[in-house]
Amino acid sequence: MNKSVRKAIIAGNWKMNKTRPEAKELLEAIKPLVANAEGNVEVIACVPYTNLETAVNTVAGSNVKIGAENVHFEKSGAFTGEISADMLTEIGVEYVVIGHSERRQYFGETDETVNKRTKAALAGGLKPIVCVGELLWERETGITEEVIARQIKLDLYDVSAEDVKKVVIAYEPVWAIGTGKTATADQAEEVCAFIRATLAKLYDDATAQAVTIQYGGSMNAANAAELLSKENVDGGLIGGASLKAADFNTIVQAAING
Ligand code: 13P
């Protein structure tokens, strides 16, 4: 099998940026630029909770899909400050980023809570974008594969083969996020291929071949084409460059050609 059987997905992760009028303006600029991706590359903007309704309304009728940046694992209840899958799907949200390294680093997210959120997202009808990635010292001590295998196993624990095909895995080396230091295309390919091999061991080869694996970490208009040309890099999760319509579009066009 080759990457043409998988859905290429370019997703913006806006992080904690943009007010509602700014979100509307950015999405209005992105929509016409990426219209030619329809049927070829899935284009997603993952935006702050406060922007979700505005974002869904702004992209209505276009090929741009909207994602949230987190979801709680319970359906409802005494969880101050949290948002459930039902609350997101009711707005029209289709995707959700789970286990981003910033949540793991700053907000106590663990593989156990990533797993719970992933299962809740799937049960609630959301498609999870599950983030994994090694820290710099983990790469330097040569344990990247151990770290990634552990995250994949724990984050997807008890997720069925049928459900895992709805999961997008984002490989984001933590040392490459927001640093301007991109993994080389070969480094990205090596770990994305390792993730697919790990999925094949946990499930089976056909299932592993069906899962979209993204690279994230300083992907930009200049380096996207090379990264996306790699066999196991099926898309990108884009931070900074997703906040500029022209740059984000350049990455989408690279994916169309990739
Ligand atoms: P940057 O593209 O800004 O490095 O961020 C990557 C990222 O964290 C996407 O989730």
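Atoms within each ligand, like the ligands themselves, are counted from 1 in listed order. Values below: every heavy atom of this structure, side chains too, minus hydrogens, waters and symmetry copies.
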- Structural part of L237 in contact with ligand 1, heavy atom criterion under 4.0 angstrom: both
Give me the residue, atom name and distance of the protein heavy atom closest to [atom].
atom	answer
atom 9 (C) of ligand 1	E172 OE2, 2.9 Å
atom 2 (O) of ligand 1	G239 N, 2.9 Å
atom 3 (O) of ligand 1	G240 N, 2.8 Å
atom 5 (O) of ligand 1	K15 NZ, 3.2 Å

Residue [X] vicinity, atoms of ligand 1 by number, heavy atom under 4.0 Å:
X	answer
H100	7 (C), 8 (O), 9 (C), 10 (O)
S218	1 (P), 2 (O), 4 (O)
G217	4 (O), 6 (C)

Please determine which of [options] meets the side chain to side chain contact (heavy atoms under 4.5 Å, CB included) test together with [X].
X	options	value
V174	R139, E134, Q105	Q105
I98	R103, E109, R117	R117
I148	I169, T198, I195, I143	I195

- Message: Rounded to the nearest 0.5 Å, what separates atom CD1 in I213 from atom CZ in R196?
- Response: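 Answer rounded to 0.5 Å: 3.5 Å.
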- Compute the minimum heavy-atom distance from G216 to ligand 1 and say whether it is under 4.0 Å. no
- Message: Would A241 count as a contact residue for ligand 1, given that I'm defining contact as a non-hydrogen atom of the residue lying under 4.0 Å from a ligand atom?
- Response: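 For ligand 1, residue contact (heavy atoms, under 4.0 Å) with A241 is absent.
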- Salt bridge between R104 and D111, side-chain N to carboxylate O under 4.0 Å? yes
- Item | Distance-only N or O hit between ligand 1 and G178, under 3.5 Å |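 Min N/O separation from ligand 1 is below 3.5 Å for G178.
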Between [X] and [Y], is any pair of side-chain heavy atoms under 4.5 Å apart?
X	Y	result
I9	Y95	yes
F107	N70	no
K3	R6	yes

